[in-house]
Number of protein chains: 2
Amino acid sequence: MPDSHSGESLLFLTDEQLRQGIEAVFFAYQGFTADPDRILATMAYGRAHHRAIHFINRAPGTTVTNLLAILGVTKQSLNRVLRTLIEDGLVESRVGASDRRERNLYLTEAGLALENRLSDAQRTRMRAAYRDAGPEAVAGFRRVLEAMMDPEMRRRYASLRESSQ
Amino acid sequence: MPDSHSGESLLFLTDEQLRQGIEAVFFAYQGFTADPDRILATMAYGRAHHRAIHFINRAPGTTVTNLLAILGVTKQSLNRVLRTLIEDGLVESRVGASDRRERNLYLTEAGLALENRLSDAQRTRMRAAYRDAGPEAVAGFRRVLEAMMDPEMRRRYASLRESSQ
DNA sequence: TTGGAGTGTCAACAAAGCTGACGTATTGTG
DNA sequence: CACAATACGTCAGCTTTGTTGACACTCCAA
């Protein structure tokens, strides 16, 4: 069993197989972002706004610094996005309770409404893909994705999972 | 068995599970592009150059129109990238043999060298992820990715797979 | 010969990333 | 208390990569 397994793995990991995996990720990611992008295009928003909204919804009260680390962008880049979201009344920024230097970020009613529209669209596609592929495939999908992450991002991903049970 | 299976599926497709899948794709894609990005940053190139080089290598002699469809960008956007690659001697553009309006694109020696550097970096990460997750997980990974694609992209993906045996 | 497809290019613009610098609260520490 | 460090916001300027719109050229096919 260990022998046959390692043989199977060697056979599997040809450059051609890896290339196909790389292309699959590329094409799948196009589909992944297509539906929210279509919604965002009708407003003055882009993918960056979507990402901010998503993670604020996911971890309400999160700080700017934390969001920066998750998104992996600079303070200036995030701030530009955040400013428009606050101006438009989708995000609320409250001064921190324990540490008044921090800003805790929350979605407003309108922010929640947009978040739902966007993630509904994205979830619909994921749901269909999961259903087509079957539960075992989904488990494998998740395992490979996790293995592809940078260790730091894997930690952040894991802590997000914990925080929502 | 059919009952327990459908029960399992229903349990599986909670919004929370889908949300985690969405976040996993986001974080994994960061890792996916990180290694080539680091190499490209040392030159005057970006992700767009990488994508062009990848697919020209994959389908040598491909036309501009075909490349446009695969990459999903505008002619002008691709042309800007292509021009610098041709000027820098990484890509060669030959007038089509049967239809002289078309341009057939090929990588030069230097282009092949860069392609190898970039895809080596990317394959190394994929190889490690595949190894960590195991062959069954990889099969599931591929199945879900394919199901996530837009139908048109799925066709293009399939035809790329055929063309390389 | 004429319409349309494939290609290249100009101009102008937008989204979203970056660096560097600076200012202002606020907090923690010596 | 004084001062360094942290968290945040912002100004300015730049880059990459995408977008429209317009126009010209080549070439194929009807």
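The model shown is predicted, which means the values in this text are computed figures rather than measured ones. Labels below follow one simple rule: chain letters A, B, ... track the order of the sequence lines, proteins then strands, and each chain is numbered from 1.
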Salt-bridge present (A/Asp150, B/Arg125; N to O < 4.0 Å):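 A salt bridge is present here (some side-chain N lies under 4.0 Å from a carboxylate O).
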Check this for me: does any side-chain nitrogen of one of B/Arg156 and B/Glu152 sit under 4.0 Å from a carboxylate oxygen of the other?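 So B/Arg156 pairs with B/Glu152 through a salt bridge.
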Please report the distance, rounded to the nearest Å, between [atom1] in [X] and [atom2] in [N].
X	N	atom1	atom2	result
B/Leu40	C/dG17	CG	P	18 Å
A/Glu102	D/dT6	CD	P	13 Å
B/Met43	D/dT16	CE	P	13 Å
B/Arg80	D/dT15	CZ	P	13 Å
A/Tyr45	C/dA16	OH	P	11 Å
A/Leu82	D/dA7	CG	P	16 Å
B/Asn79	D/dT16	CG	P	17 Å
A/His50	C/dA15	NE2	P	18 Å

Starting the side chain at C-beta, find the nucleotide from D/dG9, C/dA16, D/dT17 nearest to A/Val64.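 Taking heavy atoms from C-beta onward, the closest nucleotide is D/dG9.
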On DNA chain C, check which nucleotide each of A/Ala44 and A/Ala97 is closest to and give me the residue with the more 5' one.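 Its nucleotide being nearer the 5' end, the pick is A/Ala44.
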Does B/Leu68 or A/Val81 map to a spot on DNA chain C nearer the 5' end, using the closest nucleotide for each?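 Final value for this comparison: B/Leu68.
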Phosphate OP1/OP2 of C/dC18: any A/Thr74 side-chain N/O under 4.0 Å: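 Answer yes for this pair, as a side-chain N or O of A/Thr74 is under 4.0 Å from OP1 or OP2.
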Do the side-chain N or O atoms of A/His49 get closer than 4.0 angstrom to the phosphate oxygens (OP1, OP2) of C/dA16?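 Yes, because at least one side-chain N or O of A/His49 sits under 4.0 Å from OP1 or OP2 of C/dA16.
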When we call it a touch if two heavy atoms are under 4.0 Å apart, what does B/Arg47 touch: a base, just sugar-phosphate, or nothing?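 Counting heavy atoms under 4.0 Å across all strands, the contact made by B/Arg47 is with sugar-phosphate only.
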Just checking A/Arg83: base, sugar-phosphate only, or nothing, at a heavy-atom cut-off of under 4.0 Å?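 The residue A/Arg83 makes sugar-phosphate contact but no base contact.
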Pair listing, ring-ring contact (aromatic ring centres under 6.0 Å, His included) test, anchored in residues 55-104 of chain A, at least two apart: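 Output for this query lists A/Phe55-B/Phe26, A/Phe55-B/Phe27.
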hbond_proxy A/Arg103 side chain to D/dG9 base (donor-acceptor, 3.5 Å cutoff):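 Per atom types, no contact qualifies.
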What verdict does the side-chain contact (heavy atoms from CB on, under 4.5 Å) test give for B/Thr33 and B/Arg47, after you've listed the backbone C-alpha separation in whole Å, the side-chain angles of each residue and the deciding distance to 0.1 Å? CA-CA 8 Å; B/Thr33 56; B/Arg47 251 179 236 181; 3.2 Å; yes
Does the pair B/Leu118 and B/His54 meet the rule for a side-chain contact (heavy atoms from CB on, under 4.5 Å), with working shown? CA-CA 9 Å; B/Leu118 293 171; B/His54 176 97; over 6 Å; no
Would you tabulate the nitrogen or oxygen pairs shorter than 3.5 Å linking the protein to nucleotides 22-27 of chain D?
residue	atom	partner	partner atom	Å
D/dC27	OP1	B/Arg100	NH2	3.3

Hydrophobic cluster membership, B/Tyr106 vs B/Leu82, 4.5 Å side-chain cutoff: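 No, B/Tyr106 and B/Leu82 fall in different hydrophobic clusters.
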Set out, in order, the CA-CA distance, both residues' side-chain angles and the distance that settles side-chain contact (heavy atoms from CB on, under 4.5 Å) for A/Asp88 and A/Tyr45, then state yes or no. CA-CA 11 Å; A/Asp88 296 353; A/Tyr45 296 136; 2.3 Å; yes
